[in-house]
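FYI, side chains are in, hydrogens and waters are out, and symmetry mates aren't considered; it's all heavy atoms of this structure. None of these values were measured; they are calculated from a predicted model.
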Amino acid sequence: MRRLIASSLMLSLFALPALAEDVVRYSLEKTADGYVRMDKQSGQMSLCKEADGQLVCRLAADERDAYESAMASLDKRLGSLEQKVAALETGAPKSLNVMPSEEEFDKTLSMMERFMRRFMDVVKELEGDEAEPQKT
């Protein structure tokens, strides 16, 4: 029983630094207009004001510009993808509407004939092996 208590106490002592890091991840600094909140891990800053007893935070101006730029880029990519999907949905793929040329057909048929001839040779060899009496 003492070992169990000692081991759980040791585990909890190792977990305390991890909890402390989470607690001090953000720092708040008072300004004339409200507060500045800084995320110590990512370096992002937010401007915060008190409204109706709650702290309301917004991204800083330079971060908002980066956010809006990323959103505009994603909107452009999404529009392009939607156009491609619409084009694919409206028209049947061209490869389904086109018959192979006479040359392509002959080439394919020739390959099939070679395959079948070789396959039949293998079958004949196997039949020949079965017909021969086994030497013991």
Side-chain angles (χ1 to χ4, degrees):
M1 182 68 165
R2 287 184 182 177
R3 284 186 177 170
L4 179 62
I5 293 172
S7 63
S8 62
L9 180 61
M10 290 297 286
L11 287 174
S12 65
L13 289 175
F14 287 117
L16 283 177
L19 291 174
E21 287 177 13
D22 287 343
V23 171
V24 293
R25 177 176 175 179
Y26 296 98
S27 67
L28 280 176
E29 295 291 326
K30 180 96 171 122
T31 64
D33 296 333
Y35 296 92
V36 173
R37 180 182 72 172
M38 181 173 164
D39 183 344
K40 292 182 180 180
Q41 285 182 349
S42 67
Q44 291 181 335
M45 295 178 62
S46 302
L47 304 174
C48 305
K49 292 186 178 187
E50 287 186 59
D52 298 326
Q54 293 183 337
L55 197 60
V56 179
C57 299
R58 294 179 298 134
L59 292 174
D62 55 341
E63 291 173 3
R64 176 159 297 285
D65 290 342
Y67 171 78
E68 289 175 355
S69 174
M71 289 298 293
S73 173
L74 289 173
D75 282 341
K76 183 178 178 182
R77 289 178 57 198
L78 179 62
S80 173
L81 289 172
E82 286 175 342
Q83 287 176 350
K84 288 178 183 178
V85 168
L88 288 173
E89 287 177 345
T90 57
K94 293 180 182 178
S95 62
L96 295 178
N97 295 334
V98 178
M99 294 294 290
S101 68
E102 194 67 31
E103 182 181 324
E104 291 172 327
F105 180 77
D106 288 339
K107 184 178 179 180
T108 304
L109 190 57
S110 173
M111 287 191 293
M112 289 173 54
E113 284 179 291
R114 285 190 358 229
F115 170 78
M116 289 302 294
R117 289 183 195 280
R118 287 183 186 173
F119 180 75
M120 293 306 291
D121 289 342
V122 170
V123 169
K124 287 177 185 175
E125 284 180 31
L126 290 174
E127 287 176 348
D129 289 343
E130 289 179 7
E132 292 179 12
Q134 294 183 355
K135 297 177 185 177
T136 54

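For Glu113, the CD atom is densely surrounded, since the number of other residues' heavy atoms within 6.0 Å is greater than 12. Other residues, nucleotides and ligands contribute only 12 or fewer heavy atoms inside 6.0 Å of the NZ atom of Lys124.
To the nearest 0.5 Å, the span separating CG on Leu88 from CD on Gln83 amounts to 12.0 Å. Separating the CD atom in Glu89 from the CD atom in Glu82 is a distance of 10.5 Å, to the nearest 0.5 Å. Put simply, OG on Ser46 and OH on Tyr35 are 15.0 Å apart, with the number rounded to the nearest 0.5 Å. Atom SG of Cys48 sits about 10.5 Å away from atom OH of Tyr26, to the nearest 0.5 Å. To the nearest 0.5 Å, atom CZ of residue Arg37 and atom CZ of residue Arg25 are 9.0 Å apart. Annotation: the span from Met112 atom CE to Met116 atom CE amounts to 8.5 Å, rounded to 0.5 Å.
Side-chain N or O atoms of Thr90 include one that pairs as donor or acceptor with a backbone N or O of Ala86 at under 3.5 Å. At distances below 3.5 Å, not a single donor-acceptor pair connects side-chain atoms of Ser80 with backbone N or O atoms of Lys76.
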query = Yes or no on side-chain contact (heavy atoms from CB on, under 4.5 Å) for Ser27 and Lys40, after CA distance, side-chain angles and deciding distance?
reply = CA-CA 7 Å; Ser27 67; Lys40 292 182 180 180; 3.7 Å; yes
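Residues Leu47 and Asp33 have side chains not in contact (no heavy-atom distance under 4.5 Å, counting atoms from C-beta outward). Counting only heavy atoms from C-beta outward, the side chains of Met45 and Val36 approach each other to under 4.5 Å.
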